[in-house]
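Working notes, beginning with the structure itself.
This is a predicted model, so every value here is computed, not measured. Numbers restart at 1 for each chain; the letters A, B, ... are given by sequence-line order, proteins then strands.
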Amino acid sequence: MTPYTFDHNAYAASLQEAYQHLENGEESGAQVNVAGRVMLLRTQGKLAFATMRDSTGEIQLFALAQVTKDFDAFAKVHLGDWVGISGEVVRTKRGELSIKVANWVLLAEAQHNFGDKWAGIADHDLRYRHREADLWANPESRLALSRRSAMLRAVRERCWAAGFMEVETPILNPIATGATARPFLTHHNALDSEFFLRIAPELWLKRLVVGGYERVFEIGRVFRNEGVSPRHNPEFTILELYAAYWNVRDMMAFTEELVAGVALDVLGTTETTYQGRAFSFAAPWPRRPMAELASEAVGEDVSVHTSRERLAALVSERGVQVHESWGPGRLLAELFEATCEESLWNPTFVTDYPVEVSPLARRHQSDNDLTERFESYAATRELSNGFSELIDPVDQRSRFEEQARLAAAGDDETMAIDEDFIKALEWGLPPTAGLGVGMDRLAMLIADVGNIREVIAFPTLKPLRD
RNA sequence: GCGCCGGUAGCUCAAUUGGCAGAGCAUUUGACUCUUAAUCAACAGGUUCCGGGUUCAAGUCCCGGCCGGCGCACCA
């Protein structure tokens, strides 16, 4: 029977730090209790050396037949077993800081091993299905998830510091809206009703601003019933944030300070590398109108006012199938995506999105066919999306109706109308700017991993069958 | 969803033109009083992902399925 508690009072990392001064062969006289897993074991007759790892690091256990209680049993612990150790902090003759084991107890057995002690666990399927083993076998897995956690903490602290209140909004929704994505459908038995898992919290959060909370944010899971890839998990975590009295420029300034600040909090620097290539989070980020970037890429002036025919030809030339329902705005956005995304490495704000692809964004003050919207791109991928919010309920209704027309024309990427949201706007949304940031994508940048699954503890996998 | 690649001992990986399925580590047993992926010796360990087919003979070739990696599509 293993014990129910262990009187643990020291950690590997702090001991390594505190006893740096111990000379080879010196004994400190200090008695400590440590606990962790035995990762390596080297027995040598009447001596045994074990490498024990706890949540902070590693320290060697040094057992001697003359000193250690139940020495023979200690020399037979299995790799992966949890042990609790009492003993003196010493440094061995060969210079390894160690706990000279006086008393010890087996806290839990490991009935499976933790992979090859040199190569760890390489099989992705095993790593993701049994992350608990992966975390011990592969230190880089532990580091990636630790950085994600540190990132979320930094995001919250910076939002709180800027006066934002954290809120929570429904995941079960009668309609899936606030973004264009295919939803998951579920059923509530007692209400005998169908619900969609949310694809975005956006409309709920704006209703809270209508309700008088001037600065709100939510960090929450959203669910999109779409393909899985190294950059897409069916459920992912998004930061959405709304600030009354701000416009799109205020929000861009906040976004770059938030992201650069979080990198600084987690990594201690904004200058890093991503997948082997230098990458800088440092603000300010360039602001580049979408039409300007697209014009540079195609070598001629294009904008949302370019003829539909010309834009369609340019898009089509680049291998994109043009749909009949697409107007100049959608075509410009498609052209931008086809020609510019690949070149956007360091964070860049792409601004002035067409109203046609921005059903929730307020119109640009100097061009009725554009909106006060930006997306930031980093390492060739979209990182954030923000805009001055559309506050006019009449315009909002017509935008939703346009979406419905597109849907009727066969476009399956449209936004569903939300009557309750329009009614909320009728109560009055003050001028407001909003922001969405993919937390998994940001975590990938901060942890320097190329696959989104590395920053999700338990990524979505196909259940094993057969 | 489509294409390409992969799945061999608990883990990491070999296996020639189709010809007896192997190694290291882990496990088990033994030796060893300063090891560091300790070392040395020995034992044991297999539905070669699953199901069919071709063949005297299949880990290897063919068909179907399962799971994964990458790319495309979709998207953030």
Side-chain angles (χ1 to χ4, degrees), chain A residues 24-25 38-52 58-68 71 75-81 90-98 100 110-130 133-134 136-138 178-183 199-200 221-240 319-321 337 341 375-385 412-413 436-444 450-454 459-466:
Chain A
N24 290 4
V38 173
M39 302 308 290
L40 299 168
L41 181 64
R42 300 170 289 279
T43 62
Q44 187 163 343
K46 298 286 188 270
L47 298 180
F49 301 90
T51 301
M52 189 203 79
E58 294 183 344
I59 192 162
Q60 179 166 271
L61 308 177
F62 178 28
L64 301 87
Q66 292 177 333
V67 174
T68 302
F71 174 84
K76 288 179 179 172
V77 296
H78 288 166
L79 302 193
D81 284 351
V90 302
R91 191 175 296 280
T92 59
K93 290 176 190 169
R94 295 292 180 85
E96 189 72 31
L97 190 72
S98 306
K100 190 160 80 177
Q111 294 185 16
H112 306 288
N113 71 29
F114 287 90
D116 187 272
K117 66 187 183 185
W118 185 242
I121 299 174
D123 183 66
H124 287 90
D125 201 56
L126 180 59
R127 288 185 51 227
Y128 297 140
R129 289 188 198 278
H130 286 286
D134 175 46
W136 288 99
N138 300 312
T180 55
R182 290 160 61 194
I199 57 173
R221 206 72 59 85
V222 297
F223 307 85
R224 299 189 182 178
N225 205 339
E226 288 160 354
V228 176
S229 86
R231 289 162 295 277
H232 300 83
N233 198 60
E235 53 179 301
F236 65 99
T237 301
I238 195 166
L239 162 71
E240 284 206 10
V320 178
Q321 181 72 41
E337 284 172 23
E341 277 190 0
E375 287 195 2
S376 70
Y377 280 79
T380 77
R381 298 286 166 177
E382 186 185 339
L383 177 64
S384 72
N385 178 22
D412 56 2
E413 302 161 40
V437 185
M439 292 288 93
D440 312 85
R441 290 279 175 84
L442 182 57
M444 289 172 71
N451 191 317
I452 197 169
R453 290 174 161 180
E454 298 297 336
T460 306
L461 296 174
K462 199 161 181 174
L464 292 175
R465 280 178 290 204
D466 185 37

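- Contact between the side-chain N/O atoms of A/Lys117 and the OP1/OP2 oxygens of B/rA38 is found at a separation under 4.0 Å.
- Set against B/rC11, B/rG69, B/rA76, the side chain of A/Tyr128 has B/rG69 as its closest nucleotide.
- The distance from atom NZ of A/Lys100 to atom C1' of B/rU33 is 13 Å, rounded to the nearest whole Å.
- The closest donor-acceptor contact from the side chain of A/Ser376 to the backbone of A/Ser384 lies under 3.5 Å.
- By the 4.5 Å heavy-atom criterion applied to side chains, A/Leu41 and A/Val77 are counted as neighbours.
- At a threshold of 4.0 angstrom between heavy atoms, the contacts of A/Leu461 are confined to the sugar-phosphate backbone, with no base atom among them.
- In this structure, the nucleotide among B/rA73, B/rG69, B/rU28 sitting nearest to the side chain of A/His78 is B/rU28.
- No engagement by A/Arg91 is indicated, since no non-hydrogen atom pair under 4.0 Å with the nucleic acid exists.
- Phosphate contact (OP1/OP2 of B/rA26, side-chain N/O of A/His112, threshold under 4.0 Å): absent.
- Spacing between atom CD of A/Glu341 and atom P of B/rA76 amounts to 10 Å, rounded to whole angstrom units.
- A/Asn451 CG to A/Met444 CE: the interatomic distance, rounded to the nearest 0.5 Å, is 6.5 Å.
- Between A/Asp125 atom CG and B/rG69 atom P the separation is 7 Å, expressed in whole Å.
- Protein atom NZ of A/Lys76 is 17 Å distant from nucleotide atom C1' of B/rA26, rounded to whole Å.
- Candidate nucleotides B/rU33, B/rC11, B/rA26 were compared by shortest atom distance to the side chain of A/Gln66, and B/rU33 ranks first.
- Closest contact between the side chain of A/Leu47 and the listed nucleotides B/rU33, B/rU12, B/rG68 involves B/rU33.
- Aromatic stacking of A/Phe49 on B/rA38: not satisfied for centres closer than 5.5 Å together with planes under 30 degrees.
- Counting any heavy atom pair closer than 4.0 Å across all strands shown, A/Thr43 reaches a base atom.
- Between A/Leu41 and A/Gln60, the residue whose closest nucleotide on RNA chain B is further toward the 5' end is A/Gln60.
- Among the protein residues, A/Ala122 comes within range of the sugar-phosphate backbone only, with heavy atoms under 4.0 Å from sugar or phosphate atoms but none that close to a base.
- Side-chain atoms of A/Asp123 stay outside donor-acceptor range of the base of B/rG68, with no qualifying N/O pair under 3.5 Å.
- Taking 4.0 angstrom as the limit, A/Asn451 places a side-chain polar atom (N or O) nearer than this to OP1 or OP2 of B/rC70.
- Heavy-atom contacts from other residues, nucleotides or ligands closer than 6.0 Å to CZ of A/Arg42 number more than 12.
- Between A/Lys46 atom NZ and B/rU33 atom C1' the separation is 9 Å, expressed in whole Å.
- A/Gly227 comes within contact range of at least one nucleobase, with a heavy-atom separation under 4.0 Å.
- Regarding contacts with the backbone of B/rG68, every side-chain N or O of A/Arg127 stays at 4.0 angstrom or more from both OP1 and OP2.
- The nucleotide whose nearest atom lies closest to any side-chain atom of A/Arg231 is, among B/rG71, B/rU12, B/rC67, B/rG71.
- Put simply, A/Gln44 has no side-chain N or O that comes within less than 4.0 Å of OP1 or OP2 on B/rA38.
- When atom types are taken as modelled, the side chain of A/Ser229 and the backbone of A/Arg231 share a donor-acceptor pair closer than 3.5 angstrom.
- Residue order along RNA chain B, read from the 5' end via each residue's closest nucleotide, puts A/Pro463 first among A/Arg381 and A/Pro463.
- Closest approach to the A/His124 side chain among B/rG71, B/rG69, B/rA26 is made by B/rG69 (side chain taken as heavy atoms from C-beta onward).
- Shown here for A/Leu97 and A/Ile59, the closest heavy-atom pair between the two residues is O-CG1, 3.8 Å.
- The side chain of A/Thr92 has B/rU36 as its nearest neighbour among B/rA73, B/rU36, B/rC67.
- Looking at A/Arg453, its side chain does come within 3.5 Å of a backbone N or O of A/Thr460 through a donor-acceptor pair.
- Between the side chain of A/Asp440 and the main chain of A/Thr237, a donor-acceptor pair closer than 3.5 Å is present.
- Within the 4.0 angstrom heavy-atom criterion, base atoms lie near A/Asn233.
- Among the atoms of the strands shown, only primed sugar atoms or phosphate atoms (P, OP1, OP2) are found under 4.0 Å from some heavy atom of A/Gly120.
- Across all strands shown, A/Gly115 has heavy atoms under 4.0 Å from sugar-phosphate atoms exclusively, and none from any base.
- For A/Pro230, counting side-chain heavy atoms from C-beta on, the closest listed nucleotide (B/rC67, B/rC34, B/rC70) is B/rC70.
- Rounded to a whole Å, the CH2 atom of A/Trp118 is 7 Å from the P atom of B/rA37.
- Contact check, A/Arg224 against B/rA76: a side-chain N or O comes under 4.0 Å of OP1 or OP2.
- Listed candidates were B/rG68, B/rA37, B/rA73. Nearest to the side chain of A/Lys462 is B/rG68.
- One can find a donor-acceptor pair under 3.5 Å joining the base of B/rG10 and the side-chain atoms of A/Asn113.
- Atom-to-atom, CD of A/Glu96 to P of B/rA38 comes out at 12 Å; the value is rounded to the nearest Å.
- For the pair A/Glu226 CD and B/rA73 P, the computed distance is 14 Å after rounding to whole Å.
- Picking from B/rG24, B/rG68, B/rC34 the nucleotide with the shortest atom distance to the side chain of A/Asp116 gives B/rG24.
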